[in-house]
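Encoded as structure tokens, the structure appears first; notes follow it.
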Amino acid sequence: MRRSRRRGRTSPLPDNLLTKADYIAGQFGLSATDFERYRHLGLIVVSVEHDGDGEKGMSRVTCRLGNRVWTALVDAEGTVHHQETTFLRGKLARLNRAGD
């Protein structure tokens, strides 16, 4: 059974995070060029959720690469207020890949 990947359907980073591409890439140990290439190939999935109920102007940015998930709370100016990296193991990692 083959899984289809969503190649070529990358969502752009929000404007305030474009300058942070180097920073986000560094969280995965990648250069900004490799980070963008992996996003284009569908290997890195970036999602942004705007917090409508919480603090004004805050967004949750989630980047997934394999079993690594980097999550950050970012304000409207692009400042990272909180971040964490988690490593999915076993069944969670497989479910995460299947959701791509």
Side-chain angles (χ1 to χ4, degrees):
M1 183 165 123
R2 288 184 56 180
R3 273 186 266 156
S4 63
R5 291 211 183 258
R6 295 180 296 189
R7 294 184 193 267
R9 291 177 46 189
T10 59
S11 60
L13 289 172
D15 291 338
N16 63 351
L17 290 179
L18 289 177
T19 58
K20 305 284 185 182
D22 288 333
Y23 179 79
I24 297 170
Q27 301 305 308
F28 291 102
L30 300 171
S31 68
T33 304
D34 286 340
F35 179 80
E36 288 300 326
R37 187 177 74 217
Y38 291 169
R39 282 187 65 227
H40 179 73
L41 292 171
L43 299 174
I44 292 179
V45 178
V46 179
S47 64
V48 179
E49 300 171 24
H50 300 285
D51 189 11
D53 296 333
E55 295 182 42
K56 250 185 179 173
M58 299 298 267
S59 299
R60 181 173 310 279
V61 180
T62 303
C63 298
R64 292 183 288 148
L65 171 62
N67 71 332
R68 294 179 283 174
V69 180
W70 178 79
T71 306
L73 189 60
V74 181
D75 67 15
E77 289 80 37
T79 304
V80 176
H81 289 271
H82 174 77
Q83 66 180 345
E84 67 181 11
T85 301
T86 55
F87 296 87
L88 303 177
R89 299 173 80 184
K91 190 174 186 176
L92 286 175
R94 287 189 296 276
L95 288 173
N96 188 45
R97 283 194 309 247
D100 289 346

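Model, not experiment: these values are computed from the prediction.
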Tell me the closest heavy-atom pair linking Leu73 and Met58, and the distance in Å. CG-CE, 3.6 Å
Nearest heavy-atom pair of Arg60 and Thr71: which atoms, and what distance? CG-CG2, 3.7 Å
Mind checking the CG-CG spacing from Asp22 to Leu30? Nearest 0.5 Å is all I need. 11.5 Å
Reported CZ-to-CG distance for the pair Arg39 and Leu65, which is rounded to 0.5 angstrom: 12.0 Å
Considering residues at least two apart in sequence or located in another chain, which fulfil the side-chain hydrogen bond (donor to acceptor under 3.5 Å, both in side chains) criterion with His82? none
Kindly compute the distance separating CZ (Arg64) from OG (Ser47), expressed to the nearest 0.5 Å. 6.5 Å
Determine the minimum heavy-atom distance between Ser31 and Ala25, stating which atoms define it. O-CB, 3.6 Å
Applying salt bridge (charged side-chain N to carboxylate O under 4.0 Å, His left out), name anything that partners Arg37, two or more places apart in sequence or on another chain. Asp34
So, using side chain to side chain contact (heavy atoms under 4.5 Å, CB included) as the criterion, who are the partners of Gln83 when residues are at least two apart? Tyr23, Gln27, Trp70, Ala72, Val80
Rounding to 0.5 Å, atoms CZ (Arg68) and OG1 (Thr85) come to a distance of 9.0 Å
